[in-house]
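Report on the following structure.
It should be emphasised that the depicted structure is a prediction, and the values quoted were computed from it without experimental measurement. Counting begins at 1 with the first residue of the sequence.
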Amino acid sequence: FTAAGGSGNPTAGFQKVHLADGDFQVQSPYNVPESQRFQYRDGVRTFWVHRNDKPFNTATHTNPRSEVRLRGHDYSSGVWQFEGYGYVPSGTSGVSVMQIHNEEGAAHSTVLMLHVYDGVLRFYSGAAVEPDIYDRWFRLNVMHDVGASTVAVYVDGEHKFSTSVTPSESYYFKFGVYMQHHDQSSCMESRWTNVTLYTKH
């Protein structure tokens, strides 16, 4: 499986982290069966959510989501990297498709979110990371250097974005669809395959 584009290898020098099936914890709206918002078939995880869906449990007031939380691999030091091949169908807007989440109860929930608005992949609602994301498979690499408090984003092997982030106690990765606060489409979808974690200390 390959995506078109650059030939760079952001994972050079990193060690692959073993991910078991149980590490992919699905969070989806509590009022509908998971199978109506998440599908895992032929190695591809497909997530979708509707604008008027419920949160993933009754205790939270967060926006609707259908996401995987990678569990068992929370980290607090070293350099960590998420790699996945993503696909966002045209029409999906106002949604986070990947995030680096802080520990529960942190002052800020995340250090990185990648949002999609009208075909543009953005760092939160700000800087454009990739201008044309719709209807194609792209290779996404997100690198987090905990000691330096920096994140870097690569699309199809090419460095697209870096910034400093506010440090937190510990972190974990999420991907899928998590509705944001403006410009949402009525339905939001993303697909992911070959999701891998890498680290170096």
Side-chain angles (χ1 to χ4, degrees), residues 1-5 19-71 73 82-101 109-110 112-126 128-142 153 155-156 172-197:
F1 184 92
T2 57
L19 293 176
D21 284 348
D23 297 342
F24 292 78
Q25 177 185 18
V26 177
Q27 299 176 345
S28 62
Y30 70 79
N31 61 321
V32 292
E34 182 182 290
S35 60
Q36 292 184 20
R37 297 292 184 271
F38 170 75
Q39 176 182 292
Y40 185 29
R41 184 181 295 165
D42 299 328
V44 176
R45 290 177 170 85
T46 301
F47 305 84
W48 64 101
V49 75
H50 297 286
R51 191 161 48 200
N52 55 355
D53 275 342
K54 301 287 190 191
F56 72 98
N57 66 39
T58 54
T60 181
H61 297 290
T62 54
N63 280 349
R65 72 180 79 214
S66 173
E67 285 187 309
V68 157
R69 182 241 203 263
L70 285 173
R71 63 177 171 193
H73 303 283
F82 170 97
E83 178 178 77
Y85 291 83
Y87 184 100
V88 179
S90 58
T92 286
S93 189
V95 67
S96 169
V97 295
M98 186 268 166
Q99 41 177 324
I100 300 176
H101 207 285
S109 347
T110 59
L112 171 135
M113 293 178 89
L114 294 176
H115 292 183
V116 174
Y117 298 101
D118 298 322
V120 181
L121 187 69
R122 294 186 177 277
F123 179 69
Y124 295 92
S125 300
V129 174
E130 178 67 23
D132 183 20
I133 214 75
Y134 281 158
D135 297 333
R136 67 182 183 93
W137 286 99
F138 56 92
R139 177 190 177 194
L140 178 71
N141 293 76
V142 177
V153 182
V155 177
D156 295 328
Y172 57 87
F173 295 102
K174 300 188 80 174
F175 63 97
V177 282
Y178 174 31
M179 189 176 88
Q180 294 307 301
H181 302 291
H182 61 90
D183 299 318
Q184 312 101 333
S185 47
S186 57
C187 182
M188 292 145 260
E189 180 185 329
S190 74
R191 305 168 200 164
W192 292 89
T193 191
N194 290 34
V195 168
T196 313
L197 294 187

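Gln180 places a side-chain N or O within 3.5 Å of a backbone atom of Tyr178 that can act as its donor or acceptor partner. A side-chain donor-acceptor contact under 3.5 Å links Tyr134 to the backbone of Gly119. Using modelled atom types, one side-chain atom of Asp156 and one backbone atom of Arg139 make a donor-acceptor pair closer than 3.5 Å. Here the side chain of Ser66 pairs no donor or acceptor atom with the backbone of Ser28 at under 3.5 angstrom.
Across all non-hydrogen atoms, the minimal contact from Glu189 to Thr92 is N-OG1, 3.0 Å. Between Val120 and Pro131 the shortest heavy-atom distance is CG2-O, 3.5 Å. For the residue pair Val88 and Ser190, the shortest heavy atom distance occurs at CG2-CB, 4.3 Å. The shortest non-hydrogen separation linking Arg191 to Val44 is CB-CG1, 4.0 Å. In terms of heavy-atom proximity, Arg122 sits nearest to Ser125 at CD-O, 4.0 Å. Heavy-atom minimum distance, Thr193 versus Gly43: OG1-O, 2.8 Å.
Residues Ser186 and His50 bring no donor and acceptor atom of their side chains to less than 3.5 Å of each other. Between the side chains of Tyr124 and Thr110, at least one donor-acceptor pair of N or O atoms lies under 3.5 Å. For Trp48 and Thr46, the side-chain atoms include no donor-acceptor pair closer than 3.5 Å. Side-chain atoms of Ser90 and Asp135 include a donor-acceptor pair closer than 3.5 Å. Between the side chains of Asn63 and Arg65, not a single donor N or O lies within less than 3.5 Å of an accepting N or O.
The aromatic rings of Phe47 and Phe175 sit perpendicular to each other, their planes meeting at more than 60°, with 30° as the lower class boundary. Using bins of under 30°, 30° to 60° and over 60° for the plane-to-plane angle, the ring pair Tyr87/Trp137 lands in the tilted bin.
The shortest distance between side-chain heavy atoms of Cys187 and Val49 does not fall below 4.5 Å. No side-chain heavy atom of Val95 sits under 4.5 Å from any side-chain heavy atom of Gln184. For the pair Asn194/Glu83, no side-chain contact is recorded, criterion being any heavy-atom separation below 4.5 Å from C-beta on. The side-chain heavy atoms of Phe173 and Gln99, taken from C-beta on, include no pair separated by under 4.5 Å. Residues Phe24 and Leu19 meet the side-chain proximity criterion, which asks for heavy atoms closer than 4.5 Å. Put simply, the side chain of Leu114 reaches to within 4.5 Å of the side chain of Val142, judged on heavy atoms. Leu140 has its side chain out of reach of Tyr85: every pair of non-hydrogen atoms, C-beta onward, lies at least 4.5 Å apart. Counting only heavy atoms from C-beta outward, the side chains of Tyr30 and Pro55 approach each other to under 4.5 Å.
When the options His73, Arg71, His101 are evaluated for a side chain to side chain donor-acceptor pair (under 3.5 Å) with Tyr172, the one that passes is His101.
Between Lys174 atom NZ and Leu112 atom CG the span is 13.5 Å, to the nearest 0.5 Å. Atom CG of Leu70 is separated from atom OG1 of Thr196 by 10.0 Å, given to the nearest 0.5 angstrom. Residue Arg37 holds its CZ atom at 10.0 Å from CE of Met188, rounded to the nearest 0.5 Å. Rounding to the nearest 0.5 angstrom, the gap separating the OG1 atom in Thr62 from the CD atom in Gln27 is 8.5 Å. Note that the CD1 atom of Ile100 and the CE atom of Met113 stand 11.5 Å from one another [nearest 0.5 Å].
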Could you give me the CA-CA distance, side-chain angles and deciding distance for Asn141 and Val153, then say whether side chain to side chain contact (heavy atoms under 4.5 Å, CB included) is met? CA-CA 6 Å; Asn141 293 76; Val153 182; over 6 Å; no

Assess whether salt bridge (charged side-chain N to carboxylate O under 4.0 Å, His left out) is satisfied between Arg45 and Glu67, documenting all intermediate values. CA-CA 10 Å; Arg45 290 177 170 85; Glu67 285 187 309; over 6 Å; no

The test is salt bridge (charged side-chain N to carboxylate O under 4.0 Å, His left out); show your working for Arg69 and Asp23 and say whether it passes. CA-CA 8 Å; Arg69 182 241 203 263; Asp23 297 342; over 6 Å; no

Derivation and outcome, side chain to side chain contact (heavy atoms under 4.5 Å, CB included), residues Val97 and Leu121: CA-CA 9 Å; Val97 295; Leu121 187 69; 4.0 Å; yes

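Ring pair His182/Tyr117: centre-to-centre distance below 6.0 Å.
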